[in-house]
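Throughout, numbering of the chain's residues begins at 1 and tracks the sequence.
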Amino acid sequence: MNLTELNRIATAMVAPGKGILAADESSGTIKKRFDAIGVESTEGNRRDYREMLFRSKEAMSQFISGVILYDETIWQDAKDGTPLVKLIEQSGAIPGIKVDEGTQALPMCPGELVTVGLDKLAERLKKYYERGARFAKWRAVIDIGSGIPSMTAIRVNAHALARYAALCQAAQIVPIVEPEVLMDGDHDIDRCYEVTQRVLNKTFQELRVQRVALEGMVLKPNMAVSGKKCAKQASVEEVAEKTVRLLKACVPAAVPGIAFLSGGQSDEEATAHLNAMHKLGPLPWGLTFSYGRALQAAPQKAWSGKAENVAAGQKAFSHRARMNGLASKGEWQSSLEKKAA
Ligand code: 5MM
């Protein structure tokens with residue numbers, strides 16, 4: 001393992017002003033997204049949509065540091081025969097790959113899930129590296145509800161995240177470690193804080209036990225937020241203050257960067273929260289976005305599967321990427337959203 005190189009890539013992934021595009025929706029998830037805009041989820045349509053994003057010059061060259069791909073996408077070529085991975089590289093961004101194989105019910109723990117995909121992972125990583133992937137992603141899902149999460153669910157998911165991260169580093173690939181505490185539910189922000197703290201502490205404990213080099217990874221956590229169905233929604237300032245406090249308590253400064261998931265927040269909320277956190281700096285790690293929905297909802301709607309809408313889709317993507325790029329430096333203002341509308 002060349003740790004200097006892993007650290008260089010991890011640092012580039014969280015460079016100020018840039019963040020990660022999570023375009024790694026599995027077949028079921030992208031179908032849901034396409035259903036919402038009335039587009040059939042065929043291999044061709046998925047390719048056309050993602051090609052539109054990766055050819056967005058402004059967004060990709062200025063505000064996107066890396067792209068997380070799904071297995072299908074990493075092997076796909078653009079319409080003109082250029083591999084989609086090459087389009088990403090040519091823009092200056094780093095290609096990455098989601099390597100988990102989704103979740104399964106966790107035995108003995110009703111309502112809880114464990115992420116799978118460790119079998120043959122070493123062989124798969126080798127192939128992804130040859131194709132150009134320089135980082136990977138594995139997402140664990142922790143739900144908050146009555147009597148959950150159990151310590152069992154937290155432990156097995158942390159163990160799998162660390163196994164994955166160690167295999168990545170051995171294959172010279174930077175692991176994005178994503179333990180997502182879901183924001184569905186009616187819990188308040190303090191319950192989210194408490195559960196996320198337990199999850200992050202256990203995850204870093206496992207990473208240490210399995211000898212993962214913290215300098216060569218990126219953490220992709222949820223923010224501390226109120227559950228979507230909670231009657232009392234925390235303000236932007238409270239989310240920022242509690243999230244920064246939580247991360248400072250749990251994430252060693254050796255980690256080069258943290259790139260948040262958006263988790264169901266609105267586009268503007270996700271941007272405002274990241275921006276407000278930077279107002280609380282200086283921070284010990286790079287802090288940026290790795291959004292899926294909060295970067296793609298607008299371009300998906302603008303595109304709606306029509307070739308004549310490609311420019312509109314790219315414009316919408318560039319706008320969200322620019323807003324989040326500014327937020328990653330604490331330079332975003334809500335008036336910039338209105339100006340573009
Ligand atoms: C883009 O969605 C990713 C893949 O999800 P599935 O495996 O469920 O299809 C997802 O892991 C994503 O990278 C993170 O959840 C962040 O996305 P959001 O939309 O929460 O920012």
Side-chain angles (χ1 to χ4, degrees), residues 22 24-37 68 98 100-116 137-158 160-161 176-203 219-236 238-240 242-243 246-247 250 258-274 289-298 300:
D24 58 315
E25 297 85 357
S26 52
S27 309
T29 305
I30 196 72
K31 182 176 179 321
K32 265 194 241 156
R33 307 280 181 260
F34 277 14
D35 283 350
I37 52 168
I68 315 173
K98 181 237 290 295
D100 68 68
E101 293 177 329
T103 53
Q104 283 180 2
L106 180 60
M108 313 302 163
C109 295
E112 297 193 279
L113 301 169
V114 60
T115 302
V116 296
K137 193 200 86 173
W138 178 290
R139 172 171 168 256
V141 183
I142 302 290
D143 205 357
I144 298 180
S146 156
I148 61 170
S150 64
M151 205 51 219
T152 311
I154 293 175
R155 282 179 76 163
V156 296
N157 277 293
L161 274 167
I176 294 186
V177 173
E178 181 181 6
E180 175 173 6
V181 177
L182 297 177
M183 63 183 284
D184 310 335
D186 59 5
H187 54 274
D188 64 12
I189 185 170
D190 293 322
R191 174 106 168 100
C192 175
Y193 185 112
E194 176 254 323
V195 171
T196 307
Q197 185 169 33
R198 275 197 279 148
V199 168
L200 290 177
N201 284 340
K202 185 46 83 184
T203 301
L219 179 72
K220 178 165 173 169
N222 53 285
M223 299 177 191
V225 288
S226 319
K228 268 194 209 153
K229 294 184 217 130
C230 178
K232 191 176 165 277
Q233 290 292 312
S235 66
V236 170
E238 188 178 1
V239 168
K242 288 190 171 160
T243 303
L246 169 67
L247 293 174
C250 302
I258 297 173
F260 290 109
L261 58 93
S262 58
Q265 299 177 36
S266 73
D267 297 359
E268 209 170 315
E269 272 168 358
T271 306
H273 288 151
L274 176 62
F289 58 93
S290 174
Y291 296 157
R293 282 163 287 181
L295 271 176
Q296 295 188 66
Q300 271 162 12

Set of residues satisfying side chain to side chain contact (heavy atoms under 4.5 Å, CB included) with respect to Lys32, sequence neighbours excluded: none
When rounded to the nearest 0.5 angstrom, what distance separates [atom1] in [X] from [atom2] in [Y]?
| X | Y | atom1 | atom2 | answer |
| --- | --- | --- | --- | --- |
| Met183 | Lys229 | CE | NZ | 11.0 Å |
| Leu274 | Met223 | CG | CE | 6.0 Å |
| Phe34 | Thr29 | CZ | OG1 | 12.0 Å |
| Asn157 | Glu178 | CG | CD | 11.5 Å |

Minimum heavy-atom distance between [X] and [Y], given as atom pair plus value:
| X | Y | value |
| --- | --- | --- |
| Ala234 | Glu238 | CB-OE1, 3.5 Å |
| Leu182 | Arg139 | CD2-NH2, 4.3 Å |
| Cys192 | Ile144 | CA-CD1, 3.9 Å |
| Pro179 | Leu200 | CG-CD2, 4.1 Å |
| Lys137 | Asp24 | NZ-OD2, 2.6 Å |
| Ala224 | Ile189 | O-CD1, 3.3 Å |

Are any of the side-chain heavy atoms of His273 and Thr243 separated by less than 4.5 Å? no
Note, Pro221 side chain near Thr196 side chain (heavy atom, < 4.5 Å): no
Are Met108 and Thr152 close enough, and set up right, to give a side chain to side chain contact (heavy atoms under 4.5 Å, CB included), and what steps lead you there? CA-CA 9 Å; Met108 313 302 163; Thr152 311; over 6 Å; no
A quick test of your reading: do over 12 heavy atoms of other residues, nucleotides or ligands sit less than 6.0 Å from NZ of Lys31? no
Please check this pair: side chain of [X] against backbone of [Y], looking for a donor-acceptor N/O pair closer than 3.5 Å.
| X | Y | result |
| --- | --- | --- |
| Gln265 | Thr271 | no |
| Lys202 | Ala158 | no |
| Lys220 | Ser290 | yes |
| Ser150 | Ala153 | yes |

Arg293 vs Arg33, side chain to side chain contact (heavy atoms under 4.5 Å, CB included): CA-CA, chis, key distance, verdict: CA-CA 9 Å; Arg293 282 163 287 181; Arg33 307 280 181 260; 3.4 Å; yes
Can you list everything that forms a ring pair (Phe, Tyr, Trp, His ring centres under 6.0 Å) with Tyr291? Sequence neighbours excluded, please. Phe289
List in chain and number order the residues that pass ring pair (Phe, Tyr, Trp, His ring centres under 6.0 Å) with Tyr193, two or more places apart in sequence or in another chain; answer none if no residue qualifies. none
With respect to Glu112, which candidate in Ile148, Val141, Ile154, Asp143 satisfies the side chain to side chain contact (heavy atoms under 4.5 Å, CB included) definition? Ile148
Using the rule side chain to side chain contact (heavy atoms under 4.5 Å, CB included), only one of Val156, Leu113, Thr115 pairs with Leu106; which is it? Val156
